[in-house]
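Notes follow once the structure below has been shown.
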Amino acid sequence: MTVITRFAPSPTGFLHIGGARTALFSFVYAKRHGGKFLLRIEDTDRERSTQEAVDAIFEGMKWLGLNSDFDEIYQTKRFDRYAEVVQQMLAAGTAYHCYASKEELDQMRAEQQARKEKPRYDGRWRPEAGKVLPTPPEGVKPVVRFKNPVDGQVVLKDLIKGDIVFDNKELDDLIIARGDGVPTYNFCVVVDDYDMGITHVIRGDDHVNNTPRQINILQALGATLPAYAHVSMILGADGAKLSKRHGALGVMEYRAMGFMPDALLNYLIRLGWSHGDQELFTREEMFAKFDFDHVSASPARFDMEKAYWVNHQYLKSIDPAIVAPEFDWHLRRIGADPAKGPDLKAVIEQQRERCRTLVEMAEKSKFLFEDLEAYNEKDAAKHFTADAAVLLEELAANLSALPEWTAPALHEAVNGFAEGKGLGLGKIAQPIRVAVVGMAISPPIDQTLFLLGRERTLARLAAAVATIKSKN
RNA sequence: GCUCCUAUCGUCUAGAGGCCUAGGACGGGGCCCUCUCAAGGCCUAAACCCGGGUUCGAAUCCCGGUAGGAGCGCCA
């Protein structure tokens with residue numbers, strides 16, 4: 001049996017972090033078992049679904065590299081099929097028409113709640129042997145309800161939570177088709193999962209309570225049940241539920257914060273899943289090792305600090321060529337022109353040790369790609385002394401005479417210069433930094449000068465000397 | 001209210017009855033290294049929600065509390 005999993009978001013907003021994790025679990029599980037993964041857009045709520053949201057979901061999934069093995073599927077394009085199944089069920093007697101109005105239903109629920117009962121449909125239009133149904137009112141388009149079994153139990157064998165038992169008497173007859181004929185969520189999911197041969201339904205655990213009804217519908221259809229895995233949700237750092245109003249961010253915002261997609265995936269997969277003490281996983285390792293036996297059933301908080309740490313580990317260990325395109329994106333984003341500086345891979349190599357995010361990397365590297373606008377005030381005040389000006393001037397002369405502009409040659413020149421003066425390297429390296437970077441933070445000074453290049457280094461040293469002199 | 005789920009350091013987690021004096025990681029504190037920022041190395045503080053049971057033995061199994069959460073739509 002080929003494993004087929006799916007991610008089925010409703011397009012009412014961007015792809016958020018919790019959705020991304022469920023998508024990841026589904027994707028990775030399929031890959032792990034040599035199966036397929038599909039993306040299905042659940043857009044039957046035409047009021048709330050938007051094309052922007054659809055685009056945002058695709059964009060997020062694409063950036064994360066969670067690609068579908070099929071063309072995208074929209075539920076709104078499958079209405080004929082749903083209608084067909086509704087007819088089948090009506091004919092088979094596993095579904096029936098209900099003429100109760102919304103007002104009637106609201107009143108029923110209100111009364112039940114007043115009596116401290118669980119609000120549910122009372123079955124007034126449910127056909128039963130020997131029962132006389134009311135006469136359908138004029139001009140009312142009935143909804144279609146599923147005829148849920150009255151007794152017995154439904155056992156949900158959840159891969160994460162274990163067996164969960166529901167009594168059928170807790171379940172009511174849910175609506176599967178609205179008065180206007182548009183089918184509802186619980187029904188579409190079932191038909192889709194059935195038609196598409198989904199073997200493993202992996203979704204948020206807010207769906208646990210829907211599952212017994214879905215299982216009953218599946219059984220009424222004579223389908224074999226898929227396996228279920230209900231993933232707990234992700235909480236904010238404060239332990240509160242993530243919502244649009246409270247800290248929920250779209251996946252693309254993590255890109256803007258400077259995350260590499262695989263790093264975000266790595267952080268996400270460890271949120272809930274574990275493999276012994278291992279923290280870092282390449283994509284391939286995730287595919288090879290992921291399993292539901294080690295997925296936690298309890299909700300987890302999103303810890304930005306740890307996410308940054310994971311991102312940093314990625315930046316430090318992966319091939320700079322993989323980082324380069326994202327780095328390029330970030331440089332442009334802050335107005336720097338990647339073409340106006342050294343090879344990005346070389347910059348990444350030097351900067352990645354000190355940058356947890358690509359935002360930081362871009363900020364700390366922009367001096368290589370644009371003209372220096374100003375010196376950091378504190379750093380200049382500390383390192384731009386009269387003595388420094390003399391040293392910088394002399395060093396600049398030495399550097400301009402250098403036969404080749406390489407890191408080893410620069411290392412030799414700067415260290416030799418400091419030694420010759422009987423100074424610690426810091427005495428000269430720091431003023432140089434401020435002069436060429438604009439601040440006292442950069443890669444090792446030889447690497448910094450090498451990346452900057454001869455022409456710009458000498459120009460910036462001269463400019464710094466002039467600045468210092470004009471001040472004194 | 002009813003049904004369902006969950007519960008180990010601040011956070012993510014390891015843990016499948018003895019291997020637990022509860023391990024790892026992030027973050028915190030300290031020391032070392034050092035041209036800056038980092039990185040790295042070493043050390044350190046920090047947890048089994050509570051109460052009963054089962055057992056020779058329980059973080060692990062059972063029951064009951066408590067606390068958090070989800071669901072109870074002609075939303076998904």
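Every chain is numbered from 1, with letters handed out A, B, ... down the list of sequences. When reading the values below, keep in mind they use all heavy atoms of this one structure, side chains included, and skip hydrogens, waters and symmetry mates.
Relative to the six-membered ring of A:Tyr121, A:Arg145 meets both conditions, a distance below 6.0 Å and an angle of at most 45° to the axis.
At the heavy-atom level, A:Arg120 lies nowhere under 4.0 Å from the strands shown. Within the 4.0 angstrom heavy-atom criterion, base atoms lie near A:Ser442. Residue A:Pro443 is in base contact, counting any heavy-atom pair closer than 4.0 Å across all strands shown.
For the pair A:Arg356 CZ and B:rC26 P, the interatomic distance rounds to 12 Å; values are reported in whole Å. Put simply, CH2 on A:Trp309 is 18 Å from P on B:rA38, counting in whole angstrom units. Per the geometry, CG belonging to A:Asp205 stands 7 Å off C1' belonging to B:rA70, to the nearest Å. Protein atom CG of A:Asn210 is 9 Å distant from nucleotide atom C1' of B:rA76, rounded to whole Å.
Judged by Watson-Crick or G-U wobble contacts below 3.5 Å, the nucleotide B:rA7 has B:rU66 as its partner.
Between A:Lys241 and B:rA70 there is a side-chain polar atom (N or O) within less than 4.0 angstrom of OP1 or OP2. The phosphate of B:rA16 has neither OP1 nor OP2 within less than 4.0 Å of any side-chain N or O from A:His294. For the pair A:Ser232 and B:rC5, the criterion of a side-chain N or O lying under 4.0 Å from OP1 or OP2 is not met.
Across B:rG23 and B:rA46, the matching C1' atoms stand 14 Å from one another, rounded to whole Å. B:rG27 and B:rA39: their P atoms are spaced 8 Å apart (whole Å). The same atom, P, is picked in B:rU44 and in B:rA25; the two are 13 Å apart, to the nearest Å. B:rC33 and B:rC9 are spaced 30 Å apart, taking the C1' atom of each and rounding to whole Å. One P atom belongs to B:rG57, the other to B:rG15, and the distance between them is 25 Å to the nearest Å.
Side-chain atoms of A:Glu104 come within 3.5 Å of backbone N or O of A:Ser101 as a donor-acceptor pair. With A:His275 contributing its side chain and A:His294 its backbone, the two residues share no donor-acceptor pair below 3.5 Å.
Closest to the side chain of A:Phe166, out of B:rC4, B:rU36, B:rC74, is B:rC4. The side chain of A:Pro299 approaches B:rU6 more closely than any other nucleotide in the set B:rC26, B:rA76, B:rU6. Among the nucleotides B:rG71, B:rC12, B:rA70, the one closest to any side-chain atom of A:Met233 is B:rA70. If you check B:rU36, B:rU11, B:rC37 against the side chain of A:Asp303, the one that comes closest is B:rU11.
In this structure, A:Asp151 does not pair ionically with A:Lys169, as no charged nitrogen and carboxylate oxygen lie closer than 4.0 Å. Using a cut-off of 4.0 Å between Lys/Arg side-chain N and Asp/Glu carboxylate O, A:Lys427 and A:Asp387 are scored as not salt-bridged.
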